[in-house]
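What follows is a short report on a single structure.
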Amino acid sequence: MVKNPELLIVGGGSAGMAAALSARKSGIQDILILETDPYLGGVLRQCIHTGFGLQTFGEDLTGPEYAGRYQDMMEEEKIPYLLNTPVLEILPDLTVLAISRTEGYLELHPKAIVAATGCRERSAGTIAIPGTRPAGVLTAGTAQRYINIEGYHAGREVVILGSGDIGLIMARRLTLEGAHVKCVAELMPKSGGLTRNIVQCLEDFDIPLLLSTTVAEIHGKERVTGVTLAPVDENLKPILEKSWYVACDTLLLSVGLVPETELFSAAGAEIERGNGLKVDEKLMTSIPGLFGCGNVVKVHDLVDRVSRQGELAGRYAAEYILGGK
Ligand SMILES: Cc1cc2nc3c(=O)[nH]c(=O)nc-3n(C[C@H](O)[C@H](O)[C@H](O)COP(=O)(O)OP(=O)(O)OC[C@H]3O[C@@H](n4cnc5c(N)ncnc54)[C@H](O)[C@@H]3O)c2cc1C
């Protein structure tokens with residue numbers, strides 16, 4: 001039976017695991033992590049490329065390797081966690097309602113909570129591309145999960161919209177899987193991705209990056225058959241007279257990440273203008289005892305910074321509990 005923890009952590013990604021370890025180091029014995037997925041590590045588990053941990057471990061690790069190091073430290077410290085356990089609701093008095101595959105319905109009353117739910121991708125619906133809605137329009141993270149975790153192909157002739165890091169990394173990943181990535185189109189005049197990813201994921205594979213260009217229309221009935229690409233004017237509106245058609249069976253969208261804040265905003269926590277959880281200098285939200293870290297506060301490019309913020313949130317949450325406030 002699950003007993004009430006002093007500190008409850010929502011989300012077992014890099015932020016949540018770092019928070020748990022640091023809270024334990026700061027003197028909190030009674031910790032519990034609740035995680036929706038059947039594994040710890042969050043988005044790291046599907047990022048099988050290298051580029052993780054240069055600051056934290058001084059090594060160039062893959063996402064699963066980085067997550068594995070933290071999981072090993074968690075096992076060493078015997079920090080308990082429940083997988084397949086989504087948190088359904090949080091009440092302003094810090095009551096937590098969750099449903100666990102093994103434990104059933106849970107109502108917990110921790111003294112403090114760390115929010116570490118990460119972020120989600122913006123989908124086709126949120127950017128309202130004209131045209132049909134056939135199969136083959138996927139977010140880049142979904143395609144990454146299909147290929148790297150579930151072992152499916154995402155498509156053969158691919159256009160990617162958005163040149164943030166996920167779009168760039170998926171251009172390379174799909175190419176290595178045998179797909180033909182025809183181009184990466186980017187609405188803005190500059191890519192939002194890291195330079196190393198532009199070089200290693202596009203230039204090394206001769207994949208064209210089309211700046212100031214967008215998808216003006218999606219074509220296809222059951223499956224995508226092509227997209228219309230168009231350059232954009234200074235107001236980011238497509239110049240349709242200059243548009244052209246590209247045949248493809250897959251459109252990958254990498255058009256932004258949104259912090260996963262709904263659970264906490266529904267409890268009354270304030271949200272920042274950039275859409276993350278609003279936190280003070282001790283990473284506490286507007287609800288006393290509710291702390292935040294990682295991508296639910298601000299979308300981070302580097303996992304090392306997420307882990308560092310998780311450590312701080314764990315320490316501040318411990319101070320809060322030990323101070324009896
Ligand atoms: C494609 C991609 C490539 C990247 N490449 C690099 C790189 O090369 N180098 C680098 O340093 N960084 C990279 N990053 C960034 C870094 O990996 C992430 O910023 C970091 O891992 C995010 O950690 P997090 O814990 O905040 O979120 P997540 O890893 O998303 O973890 C959040 C967890 O919360 C869980 N959760 C959500 N809601 C609930 C709920 N209601 N109840 C219970 N659990 C819940 C989720 O299932 C998830 O496991 C990359 C990120 C992506 C997406």
Side-chain angles (χ1 to χ4, degrees), residues 8-20 32-57 59-67 70-71 81-90 96-101 106 108 113-121 139-145 147-149 162 164-173 193-194 196-197 200-201 252 254 256-264 266-267 276-277 292-311 313:
L8 187 130
I9 296 174
V10 189
S14 40
M17 288 196 284
L32 177 64
I33 299 183
L34 299 184
E35 167 56 53
T36 303
D37 278 338
Y39 44 77
L40 290 174
V43 74
L44 291 173
R45 294 286 178 190
Q46 65 186 65
C47 295
I48 62 170
H49 56 282
T50 55
F52 297 84
L54 282 167
Q55 290 171 18
T56 309
F57 298 110
E59 284 179 66
D60 196 9
L61 304 173
T62 63
E65 283 171 335
Y66 187 95
Y70 271 85
Q71 192 163 348
Y81 52 86
L82 282 178
L83 303 176
N84 298 305
T85 307
V87 171
L88 306 175
E89 194 174 352
I90 294 179
V96 175
L97 308 176
I99 188 88
S100 159
R101 198 171 283 180
L106 298 172
L108 300 169
I113 297 174
V114 174
T117 46
C119 60
R120 63 170 182 269
E121 296 176 284
T139 63
T142 301
Q144 189 179 49
R145 194 183 174 108
I147 297 172
N148 293 347
I149 293 193
D165 289 314
I166 312 182
L168 300 176
I169 283 161
M170 284 314 293
R172 176 177 64 186
R173 187 74 188 103
L194 297 168
R196 74 166 189 225
N197 284 334
Q200 293 172 8
C201 301
L252 279 205
S254 177
L257 299 164
V258 185
E260 195 75 73
T261 55
E262 280 73 9
L263 206 51
F264 314 103
L277 268 184
C293 56
N295 286 352
V296 70
V297 172
K298 175 183 167 288
V299 175
H300 291 73
D301 288 338
L302 291 178
V303 71
D304 308 83
R305 294 187 191 145
V306 170
S307 298
R308 177 76 191 124
Q309 198 178 45
E311 274 166 35

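When a ligand or atom number is given, it counts from 1 through the structure's own listing order.
Residue contact annotation: Gln46 has no non-hydrogen atom under 4.0 Å from ligand 1. Leu54 does not count as a contact of ligand 1, since none of its heavy atoms falls under 4.0 Å from the ligand. For the pair Arg45 and ligand 1, no heavy-atom separation below 4.0 Å is found. For the pair Leu194 and ligand 1, no heavy-atom separation below 4.0 Å is found.
At least one N/O-N/O distance between Gly51 and ligand 1 falls below 3.5 Å. When only interatomic distances are considered, the shortest N/O to N/O separation between Val87 and ligand 1 falls below 3.5 Å.
What sits closest to atom 5 (N) of ligand 1 on the protein, heavy atoms only, is His49 NE2, 3.2 Å. The single protein non-hydrogen atom nearest to atom 11 (O) of ligand 1 is Val303 N, 2.7 Å, given as residue, atom name and distance. The protein heavy-atom contact nearest to atom 45 (C) of ligand 1 is Thr36 OG1, 3.2 Å. Protein heavy atom at the shortest distance from atom 21 (O) of ligand 1 is Ser14 OG, 3.2 Å. Atom 46 (C) of ligand 1 has its closest protein heavy atom at Glu35 OE2, 3.5 Å.
With hydrogens and angles ignored, the 3.5 Å screen pairs no side-chain donor or acceptor of Glu35 with any backbone N or O of Tyr81.
Contact of the Leu257 side chain with the Asn295 side chain is not registered, since no non-hydrogen atoms from C-beta on lie closer than 4.5 Å.
Of the listed options Leu61, Asn295, Leu40, Asn295 places a heavy atom closest to atom 22 (C) of ligand 1.
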